[in-house]
Protein chains: 2
Amino acid sequence: MELRHLTYFVTVAEELHFGRAAARLQMTQPPLSKQIQQLEEEMGVKLFRRTKRHVELTTAGEFFLPEARQVLAQMQQALDTAQKAQRGEFGRLVIGFVGSATYDILPEIIREYRRQFPDVSVILHELSTPDQVDALLDGRIDMGLLHPPISSSLIATEPVQTGVCALSFPKNHPLAGKDKLTIEDLRDVPFIVVSREIWPGLYDEFLSLFQDAGFTPRIVQEATEYQMVVGLVSAGIGVGVVPATAEKLFNLEAVYRQIDGAPLHAVLSMARLKKNSNPALDQFITLTRRVRQLNSESPV
Amino acid sequence: MELRHLTYFVTVAEELHFGRAAARLQMTQPPLSKQIQQLEEEMGVKLFRRTKRHVELTTAGEFFLPEARQVLAQMQQALDTAQKAQRGEFGRLVIGFVGSATYDILPEIIREYRRQFPDVSVILHELSTPDQVDALLDGRIDMGLLHPPISSSLIATEPVQTGVCALSFPKNHPLAGKDKLTIEDLRDVPFIVVSREIWPGLYDEFLSLFQDAGFTPRIVQEATEYQMVVGLVSAGIGVGVVPATAEKLFNLEAVYRQIDGAPLHAVLSMARLKKNSNPALDQFITLTRRVRQLNSESPV
DNA sequence: GTGTGTAATACACAAATGATATCAATTGAT
DNA sequence: ATCAATTGATATCATTTGTGTATTACACAC
């Protein structure tokens, strides 16, 4: 019993005429008759009552017809599903992201992705960079939006957003209004930074910037998210090191300044397991590249 | 793309090993590999990722697996349905019946039938005998419970219940208490009968009984149901001709008497179109015969 | 009675399924 | 590092099976 038999049966049931049904099936009548006979024999069910002049469905045939149609429809759907899944138009995509991505690029990308691929269920997990690396290696997430660099050679990364960092001062801090801000000005300033574990790239860059100038910055507080850093700055605890986009938080107690001639980079990358072959992931990455380009073309 | 391919795919997906899958399918490995390749090619979808050492489902394969299982299950169900329908264990049975059958045999048979064939939907229509004949010929009902005789040679009938008729007197009627009741006693009695159109068998038998005695009964009122006849009797309109089972109506104003030596028959038959091949009908008739025998064995 | 329409049958051929033998590649053990 | 074992792919062949052509059997209509 094969799908072919069902197709033949449905067609004969619709035409109630072996000749016409055969024509519709682009075959000749004798093999069609034979296939129907074979179907009936295998099922142990008489589906048609043939007088020499008419063909009609038996009761069993009448009840079999809608079922057979459904099997064929189901098969078609199974095929569709598989094809869509292969094209990344159907499926599941689990994305890890660092908290800061929430304020910037993530909403825009997700919105656009859901518009283009409404049948992919997107699952989001806020995770720190190292947690994302673990999750990627374990296959718990398909993609990470994280702060490079990461070490594993099994993971491929690609920058999504390359911004700069700024220093966040309490608004009445003496250096907040200074014309040019140099490294030397910052020698004894108490700093608040995101901990190395959470954002090693920034932490190390920050340290080496000062080491090049011959001293070590005074880090008085570490935090797990840059939003928290801004909070501590506005509480007057110290000067924060945060991505320039932090300005979007609109904290009226904080003022943002760049260090003159010494940019600190704040890069957000997307990371994937190289061998992950979820087609939805490829689509997501392609889309992200496109969205990113659109944005980088427009003046910041 | 045939069901065979789906079976093969599901098995390989379950085993993730072509050799073991082939063994389970009672075939050898090479043709199995080939069939899967063929399936993938026809679908245009890679279902498995084969390294030389492992087999695993692709994302598309993962989404296809449950769909494929469902197609196979649906096919099985289609087969079941057809087989049950052929055995009369599934389907639809439309039964016409005369009102009087409600009080007697019908409830018992229907109850037993529904117990034995719960998946057949039984549809009941109260119809007069001639309406049932029309409905049978049109195929609107599968079976009729009606009063013979009927004329059409396309219809087969078989008695379900052979009872006798009685005369129904108002309880204070002079003849109600008479020892022996003869035709002669009834010469001028006003009769109430069920109209010829509704119950031709009884009507004609009633008339010929009197014609044999040399006179015509005085019919003062006709009715469409015997229950109505009893009602008219208890209102004192006349003497009713009704099946003996009318006694079960427990009308305290009516008294029932037989005509001595001249039985009037009240037969209820089941009738079917000879060419109707609804298997549920055959089952119903078989069951009815059995139930009827059980009943006729017990003393009435 | 003859002719048309319809499904079934007989037979031949082509296509495809499955089996056997073999290969290539990877893994794990000695 | 080399070798054996495992595993899926490939090649080739036999068998089965699906399909086409020709024909038959039967019913119904004129």
Side-chain angles (χ1 to χ4, degrees), chain A residues 1-58 60-62 64-65 68 72 75 154 274-275 277, chain B residues 1-58 60-61 64-65 68 72 75 153-154 274-275 277:
Chain A
M1 248 170 56
E2 296 292 345
L3 288 175
R4 170 171 29 88
H5 292 115
L6 298 189
T7 311
Y8 292 175
F9 165 72
V10 170
T11 309
V12 175
E14 279 169 1
E15 295 289 343
L16 292 178
H17 188 295
F18 279 78
R20 280 199 300 276
R24 249 181 64 189
L25 291 163
Q26 312 201 46
M27 65 192 294
T28 53
Q29 169 262 317
L32 177 58
S33 293
K34 217 173 144 193
Q35 290 286 305
I36 296 288
Q37 286 167 23
Q38 184 183 326
L39 176 62
E40 289 181 321
E41 190 176 348
E42 281 180 29
M43 293 179 65
V45 175
K46 267 254 161 298
L47 296 169
F48 294 104
R49 197 171 312 108
R50 296 104 155 145
T51 67
K52 279 288 165 189
R53 204 70 186 169
H54 291 285
V55 175
E56 52 183 23
L57 282 166
T58 60
E62 266 167 37
F64 188 57
L65 179 56
L72 293 171
M75 179 70 228
L154 298 172
K274 284 178 185 165
K275 68 166 197 187
S277 60
Chain B
M1 249 172 55
E2 296 292 345
L3 288 175
R4 171 170 30 88
H5 292 115
L6 298 189
T7 311
Y8 292 175
F9 165 72
V10 170
T11 308
V12 175
E14 279 167 2
E15 296 288 342
L16 291 178
H17 187 296
F18 279 79
R20 281 199 301 275
R24 248 181 64 188
L25 290 163
Q26 312 200 47
M27 66 191 292
T28 53
Q29 170 261 317
L32 177 58
S33 291
K34 219 171 141 195
Q35 289 287 307
I36 296 289
Q37 287 168 22
Q38 184 183 328
L39 176 63
E40 289 181 322
E41 190 175 349
E42 281 181 29
M43 293 179 65
V45 175
K46 267 255 161 298
L47 297 169
F48 294 104
R49 195 172 313 107
R50 297 102 155 147
T51 67
K52 278 287 162 188
R53 204 69 187 174
H54 291 287
V55 175
E56 52 182 25
L57 282 166
T58 60
F64 187 57
L65 179 56
L72 293 171
M75 179 70 229
S153 64
L154 299 172
K274 284 176 185 166
K275 68 166 195 185
S277 60

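In what follows, every chain begins at residue 1, and chains take the letters A, B, ... in the order their sequences are listed. Only a predicted model underlies this, so the values are computations on that prediction, with no experimental measurement involved.
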Seminar exercise, completed: Protein heavy-atom contacts under 4.0 Å, written 5' to 3' over nucleotides 12-25 of chain D as B (base), S (sugar-phosphate only) or - (none), form the string ------SBBBB---
For this session: Just do the side-chain hydrogen bond (donor to acceptor under 3.5 Å, both in side chains) check on B:Gln38 and B:Glu42 with the steps written out, would you?
Result: CA-CA 6 Å; B:Gln38 184 183 328; B:Glu42 281 181 29; 3.1 Å; yes
For this session: Under the side chain to side chain contact (heavy atoms under 4.5 Å, CB included) rule, what do B:Lys274 and B:Leu154 come out as? Steps first, then yes or no, please.
Result: CA-CA 6 Å; B:Lys274 284 176 185 166; B:Leu154 299 172; 5.8 Å; no
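Put simply, CZ on B:Arg20 is 12 Å from P on D:dT6, counting in whole angstrom units. One interatomic measurement links the two molecules: NZ of B:Lys46 to C1' of D:dA9, which rounds to 12 Å at whole-angstrom precision. Distance NE2 (B:His17) to P (C:dT27): 15 Å, rounded to an integer number of Å. In this structure, B:Leu32 places its CG atom 10 Å from C1' of D:dG8, rounding to the nearest Å. Taking atom CZ of residue B:Phe18 and atom P of nucleotide D:dT10, one finds them 11 Å apart after rounding to whole Å. The nearest whole Å value for the distance from the CG atom in B:Leu25 to the P atom in C:dT17 is 15 Å. Between the CD atom of B:Gln37 and the P atom of C:dT17 there is a distance of 13 Å, rounded to whole Å. Between the CG atom of A:Leu39 and the P atom of C:dA8 there is a distance of 13 Å, given to the nearest Å.
Of the inter-residue distances, the one linking B:Gln37 atom CD with B:Lys46 atom NZ reads 7.5 Å to the nearest 0.5 angstrom.
Ring-plane geometry between B:Phe48 and B:Phe18 is classed as perpendicular, the angle between the planes exceeding 60 degrees on a 0 to 90 degree scale with a lower cut at 30.
The side chain of B:Arg50 places an N or O atom within less than 4.0 Å of a non-bridging phosphate oxygen (OP1 or OP2) of D:dA9. OP1 and OP2 of D:dA27 both lie 4.0 Å or more from every side-chain N or O belonging to A:Thr51.
Using modelled atom types and a 3.5 Å distance limit, the side chains of A:Thr11 and A:Glu15 yield no donor-acceptor pair.
With salt bridges taken as basic N to acidic carboxylate O contacts below 4.0 Å, none links B:Glu56 and A:Lys275.
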